[in-house]
Amino acid sequence: MWTLEPAGLDLRRTLDSGQAFRWRWEDGHGCGPIATGIVGRHRFRVAQDRDGIRLLAPATAEARDAIARYLGLRPRSDAQLGRLVGAPTITGRRAPAVLCDGMRPGPLPASPTGLARIEATLAADRVLARVIPHTRGTGLLIQDPWEVLISFIVSQNNNIPKISRSIDALARALGDRVDENGYAFPSAERLAGAPAGILRACHLGYRAPYVRAAARLAASGRLDLAALRRMPEQEARDTLHAVPGIGDKVADCILLFGLGHTTTFPVDVWVRRAMERLYFKGRPRPICDIRVFARARFGPFAGYAQQHLFAYAREHLRPRGPHISARPQ
DNA sequence: GGGCAGGTGTAAT
DNA sequence: ATTACACCTGCC
C-alpha cells in the first residue's frame with residue numbers, strides 16, 4: 001500500500017491504469033518498486049515513497065521537468081528541493097529529484113487543482129464517494145498524442161500485455177535507440193515507410209493496415225497532430241474518427257490520454273462493468289448511453305471519474321471464474 | 001479447442 | 001439507424 005501525500009498521485013495506479021503501455025516495474029532491492037519507461041527520447045526511472053515521487057534517472061533538471069509534466073505534477077522549487085536536485089553528493093552522483101502534486105496543465109478550470117481536490121469534487125457523487133477510497137491517486141498522464149494515437153489503434157479488441165508487446169516491438173524495430181536496450185516510439189515517417197514484414201513481426205494482426213494508414217496520413221501532413229492539439233474536443237473527435245481504425249472508443253482514449261480533454265469518458269468493458277454495476281443495478285446498458293450519462297454527470301472531470309471506475313473495476317470487479325454457463329431461469 | 005480480450009469496418013436489414 | 005459478424009493473435 002502506498003503512502004500518499006495529502007494531494008497525492010499513486011504512481012503505480014497511474015502508470016498501470018491502461019493509459020500508457022511502456023512502463024515496467026522492477027524490484028528496487030529494499031527501496032521499493034521502481035518504474036522504468038521510455039518517454040520521448042529518454043528512459044526514466046521513477047519510484048514512490050513517503051516523501052513523494054522520486055525521479056531516479058536521468059538526474060537532470062530537464063528530465064525532472066519532463067517527467068513532472070508527463071505525470072501532471074509540478075517539480076518542487078529548488079529551495080524546497082534542497083539536497084535533492086543539482087546538489088552533487090560526496091560520490092559525485094546527483095541525488096534523486098522529488099516531485100510533488102500540483103497543477104495539471106491543460107483544459108482544466110482554474111480550480112480545483114491537484115488530484116486530491118479533483119477527487120474531493122468527484123466525491124460529491126454518492127457512488128464515487130464509495131469508489132475513490134479504493135482508487136485514490138489514479139491520475140491522468142500527459143503523453144505524446146502520436147504515440148497515444150497508434151497505441152490505442154493497437155489496443156482495439158486487444159489486451160494490455162499484448163498491446164505492450166506490440167508497442168515495444170514497434171519501437172525496437174522502427175524507433176531510435178535511447179540506451180542499450182531501449183527505443184523511442186517511432187515517428188510517423190518511420191512507421192509509414194515500414195515494410196509489411198516488420199509490422200507483421202510486431203503482431204499487430206489485422207490492425208497493421210490501420211497503423212500504416214494512420215502513419216501515412218500523419219507523415220503526409222493530411223493528419224496534423226499539432227493542429228489536432230489546438231482543436232476543440234468535438235472537432236478533434238471528428239478528425240480522429242476519419243482515421244481508419246479509430247472509432248468511438250479509440251477516439252475517446254486519444255482525446256483523453258493524448259490531448260488532455262478531461263470531459264471525455266472512454267467506455268471499455270471494465271468501465272462498462274463498473275458503471276452497470278454501480279449506477280444501473282447490474283443491468284446491461286448500451287455503451288453510448290453510459291458515455292452520455294457519465295459525461296453529463298461528471299462534467300469537466302469525467303476523464304478522472306473514468307480512471308477511478310476503471311481502476312475500481314480492475315481491482316474489485318474481475319469476472320469470477322473462467323466461465324459461468326448455468327444461469328438461474 | 002472455443003471463447004475471449006480495453007473495437008472497428010462492413011454488409012445486411 | 002440499428003444489428004450481426006469477421007477479424008490477427010495469444011492465452012485460458
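Residue numbers begin at 1 in each chain, while the letters A, B, ... track the order of the sequences.
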With a 4.0 Å cut-off (strictly under) to non-hydrogen atoms of chain A, the first and last hit nts on DNA chain C, 5' to 3', are dC7(C) to dC11(C)
Using whole Å, report how far CG of Asn159(A) lies from P of dG3(B). 18 Å
Select base, sugar-phosphate, or nothing to describe what Ser166(A) touches, counting heavy atoms under 4.0 Å on all strands. nothing
In whole Å, I'd like the distance from the CD1 atom of Ile153(A) to the C1' atom of dT8(B). 11 Å
Report which part of the nucleic acid Ile163(A) touches: base, sugar-phosphate, or nothing (heavy-atom distance under 4.0 Å, all strands). nothing
From the options dA5(B), dT8(B), dG6(B), select the nucleotide whose nearest atom is closest to the side chain of Phe310(A). dG6(B)
Nearest nucleotide by nearest heavy atom, which residue falls closer to the 5' end of DNA chain B, Cys253(A) or Pro244(A)? Cys253(A)
Provide the distance between the two P atoms, one in dC8(C) and one in dA11(B), to the nearest whole Å. 15 Å
Nearest-Å distance once atom P is located in both dG10(C) and dG9(B): 23 Å
Are Phe21(A) and Phe185(A) an aromatic pair by the rule of ring centers under 6.0 Å? no
Just checking Gly245(A): base, sugar-phosphate only, or nothing, at a heavy-atom cut-off of under 4.0 Å? sugar-phosphate
Between His241(A) and Lys162(A), name the one whose nearest nucleotide on DNA chain B is closer to the 5' end. Lys162(A)
What is the nucleic acid contact for Val267(A), judged by heavy atoms within less than 4.0 Å: base, sugar-phosphate only, or nothing? nothing
Give a yes-or-no answer on whether the side chains of Thr264(A) and Glu233(A) include a donor-acceptor pair shorter than 3.5 Å. no
If the test is side-chain hydrogen bond (donor to acceptor under 3.5 Å, both in side chains), which one of Gln307(A), Arg12(A), Gln306(A) qualifies with Ser17(A)? Gln307(A)
Hunt down any stem DNA chain B takes part in, defined as 3 or more consecutive Watson-Crick or G-U pairs whose two distances are each under 3.5 Å. B:2-5 with C:9-12, B:7-13 with C:1-7
Looking only at atom P, what distance separates dG6(B) and dA4(C), rounded to whole Å? 22 Å
Taken to the nearest whole Å, CG/Asn157(A) to P/dG9(B) is 13 Å
What is the distance, rounded to the nearest whole Å, between atom CG of Leu256(A) and atom P of dG6(B)? 18 Å
Do the side chains of Val292(A) and Val269(A) join up, straight or via other hydrophobic residues, at under 4.5 Å, putting them in one cluster? no
Using heavy atoms and a sub-4.0 Å distance, could you list which residues of residues 200-210 of chain A are near DNA chain B? By number, please. Tyr206(A), Tyr210(A)
